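As structure tokens, the structure follows; a few thoughts come after it.
One-based numbering along the sequence shown. Nothing here was measured: the structure is a model prediction, and the numbers come from that model.
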Amino acid sequence: MKLNYKRVIFVGFAFFLITAFWQAYDTIVPKILTDKFGLAQTWSGAIMALDNVFALVLLPIFGAISDKVNSRFGRRTPFIVIGTICAAVLLVSLSVADSAQLKKIEAVSGTEGEAYVASLDVLWEANPSVADFTADTIVQEKRPLQELISRADFVDIPMTVLDEKGEAVTNPDYSNIVVPARQAYAAGVTARDHSSLIVFMVLLFFALIAMGTFRSPAVALMPDVTIKPLRSKANAVINLMGTAGGILVLLLGIVFGTGKAKNALMNYTVFFSVVAGIMLVGLAVFLFKVREPRWAAEMEAESARLGLDREEGTEPSAPVRTLTRGERISLLLILASVVFWFMGYNAVTSKYSVYASTVLNVDYNTTLLIAQGAAIAAYLPVGLLSAKLGRKKMILGGVVILGASFFFASFLSADSPEAVKQILMPLLFATAGIGWATINVNSYPMVVELSRGGNVGKYTGFYYTASMAAQVITPILSGLFLDYVSWRTLFPYAAIFVALAFLTMLFVRHGDVKPDAMATVLDGVGGAD
């Protein structure tokens, strides 16, 4: 019994394009909301939680609907095709509203300039050391705001200064004065004219609906074509493909400079267009290579031959049984664990692009790229180890690694030496990537291991309902802490929730790889189609 890696890679192109979208969404949309529209972190977090609100409703529904579809293209493929095309078009459309807002805030003049000056005056009362930053000149010169905040000869608040060792460190005045003032100005523009924000939110609404219609079907396709004992290894490949999509978008971010503080007001039209193109190329490869009906039929025949969908002592024609009490408890504990580790992880991923540029003055693309690279390196080894050691043990280990990474990251701040931030933060994100990969490879297979027969889509919906519920709450809750307590709460917040996931996972008793099934697993690459 071998895993057909080639098939799983082609199936993984669906996850590749999904992750490409979410990587662009999670890193750019928060910056648009705060830098272009001037929203507070709490409101930005609430909007960032919308995709998860929709997912709570859409993922279980479309997972269950796809279970019942019987088209000549398969159960999942029609959803993937239609959803991807709609999402790609809408992603590009978001840049229309973004560009419209950018035009409104580029020129500082008239009442808009006065609003910006007023916001600076309020900030100066608490920070008199920056009195040389002459706000009246901004209105008189009528220079574009982006030019003003990036020209050291005009604005006497540079982004970095030298510490006593001669190392470049984040200038607190830039983070505490220029960035809030720029965002206050953007908020004033938005308050006078809501049209761009309304258009942006309408387009965002439809983009999130499009993504919600095919995410569960896309993820459910892997267990549809993979027998149960091999699903951890297959899920490792699927996650590797998804990570590759995220890495590609992060590389694009480095090329376009999306993570640089001086580019806070850049136009994202070309960037979004390239990401949409990547999604459509991934879809083309998927359609050209994946033969869903035939592969699913072959998986069912292999499962029947090995008796993997039958309980001991039952006949193949016996009705599908319900979960035992112990299995239900394990399912609930697994889903609770999913909630907790997503509460921690998503708090970081949804806020780090802003955190990195405003607090640490590091390029978030580089740091996240290192995390994704570490995850890619870990996926296949984790998949192989999981088949031998068991899913639960691997998840517990991954939770410890992830929690420790967030815990130690909490000690870094704007006052930390630049060399420490440039070395330690990427190192901690690399270990976080390994921990997250270890969790991801095994958590979804543990849920669908408890499914029976043709209800994989239903259990996929359970998994994503849990993860999305966490991602509805955590951007808002973490945003409240950031707005009203301190930015320093981000990583401790994440570490606490990851620790809670360890406690719930300890009591799980079902969903692991069965010893007799594990004994039949043969390592190695599967044959060609």
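Distance CZ/F79 to OG/S216: 10.5 Å, rounded to 0.5 Å. The distance from atom CE of M468 to atom CG of L58, rounded to the nearest 0.5 Å, is 10.5 Å. The line from CD1 of I80 to CD1 of I82 is 11.0 Å long, rounded to the nearest 0.5 Å. Atoms CZ and CG, from F408 and L428 in turn, are 8.0 Å apart once rounded to the nearest 0.5 Å. The distance from atom CG of L396 to atom CG of L503, rounded to the nearest 0.5 Å, is 10.0 Å. Rounding to the nearest 0.5 Å gives a distance of 9.5 Å between CE of M211 and CG of L91.
Between the side chain of E292 and the backbone N or O of R75, at least one donor-acceptor pair lies under 3.5 Å. Put simply, the side chain of R291 gets close to the backbone of F288: a donor and an acceptor are under 3.5 Å apart. Not a single donor-acceptor pair under 3.5 Å links the side chain of Q23 to the backbone N or O of T19. Between the side chain of S330 and the backbone N or O of E327 there is no donor-acceptor pair closer than 3.5 Å. Under a 3.5 Å cut-off, the side chain of K392 and the backbone N or O of L506 do form a donor-acceptor pair.
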key: Chi angles and distances behind the side-chain contact (heavy atoms from CB on, under 4.5 Å) call for F272, L94   = CA-CA 8 Å; F272 279 166; L94 286 175; 4.2 Å; yes

task = For side-chain contact (heavy atoms from CB on, under 4.5 Å), just list the numbers for F214 and I18, CA-CA rounded to whole Å, side-chain angles, deciding distance to a tenth of an Å, and then say yes or no.
result = CA-CA 9 Å; F214 77 97; I18 288 173; 3.5 Å; yes

query = side-chain contact (heavy atoms from CB on, under 4.5 Å) between T77 and F286: does it pass, once the steps are laid out?
reply = CA-CA 9 Å; T77 299; F286 175 88; 4.0 Å; yes

task = Start with the C-alpha distance between T243 and I247, add both sets of side-chain angles, then the distance that settles side-chain contact (heavy atoms from CB on, under 4.5 Å), and finish with yes or no.
result = CA-CA 6 Å; T243 303; I247 282 180; 4.1 Å; yes

ask   = Yes or no on side-chain hydrogen bond (donor to acceptor under 3.5 Å, both in side chains) for S386 and N442, after CA distance, side-chain angles and deciding distance?
value = CA-CA 7 Å; S386 299; N442 294 288; 2.9 Å; yes

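Contacts of Y463 classified as ring-ring contact (aromatic ring centres under 6.0 Å, His included), with partners at least two apart in sequence or in another chain: Y444. Partners of Y345 by side chain to side chain donor-acceptor pair (under 3.5 Å), not counting sequence neighbours: none found. In this structure T474 satisfies the side chain to side chain donor-acceptor pair (under 3.5 Å) test together with Y493, sequence neighbours excluded. With sequence neighbours left out, T84 forms a side chain to side chain donor-acceptor pair (under 3.5 Å) with no residue at all. Not counting sequence neighbours, the partners of S337 by the side chain to side chain donor-acceptor pair (under 3.5 Å) test are T504. Qualifying side chain to side chain contact (heavy atoms under 4.5 Å, CB included) partners for F256, counting only residues two or more places apart in sequence or in other chains: L252, T258, M266, V270, F271, V274.
The two residues L90 and A210 have their closest heavy-atom pair at CD1-CB, 4.4 Å. Heavy atoms only, all atoms of each residue included: A466 and L335 are closest at CB-O, 3.7 Å. Scanning all heavy atoms of the two residues, the minimum distance from M394 to L389 falls at SD-CD1, 4.0 Å. The heavy-atom pair separating A88 from A276 by the smallest distance is O-CB, 3.5 Å. Considering all non-hydrogen atoms of both residues, S405 and T431 come closest at OG-OG1, 2.6 Å. Smallest separation of non-hydrogen atoms from T226 and A234: CG2-CB, 3.8 Å.
Exactly one of V285, I278, V275, L283 qualifies for a side chain to side chain contact (heavy atoms under 4.5 Å, CB included) with L17. That residue is L283.
Counting heavy atoms from C-beta on, the side chains of I47 and L204 come closer than 4.5 Å. Looking only at side-chain heavy atoms (C-beta outward), R7 and M222 stay at 4.5 Å or farther from each other. For the pair V81/I85, a side-chain contact is recorded, criterion being any heavy-atom separation below 4.5 Å from C-beta on. Counting heavy atoms from C-beta outward, T438 and I395 have side chains that stay 4.5 Å or more apart. Using a 4.5 Å heavy-atom threshold, the side chains of L500 and F497 count as touching. Taking 4.5 Å as the limit, every side-chain heavy atom of H510 sits out of range of all side-chain heavy atoms of I329. Residues N346 and P475 form a side-chain contact, since some pair of their non-hydrogen atoms from C-beta on lies under 4.5 Å apart. Proximity of L208 to F205: side-chain heavy atoms (C-beta onward) are nowhere separated by under 4.5 Å.
Less than 6.0 angstrom separates the ring centroid of F342 from the ring centroid of W436.
For W43, the CH2 atom counts as loosely surrounded, since its 6.0 Å shell holds 12 or fewer non-hydrogen atoms of other residues, nucleotides or ligands.
Between F411 and F407, the ring planes are perpendicular. Angles over 60° get that label, and only those under 30° would be called parallel.
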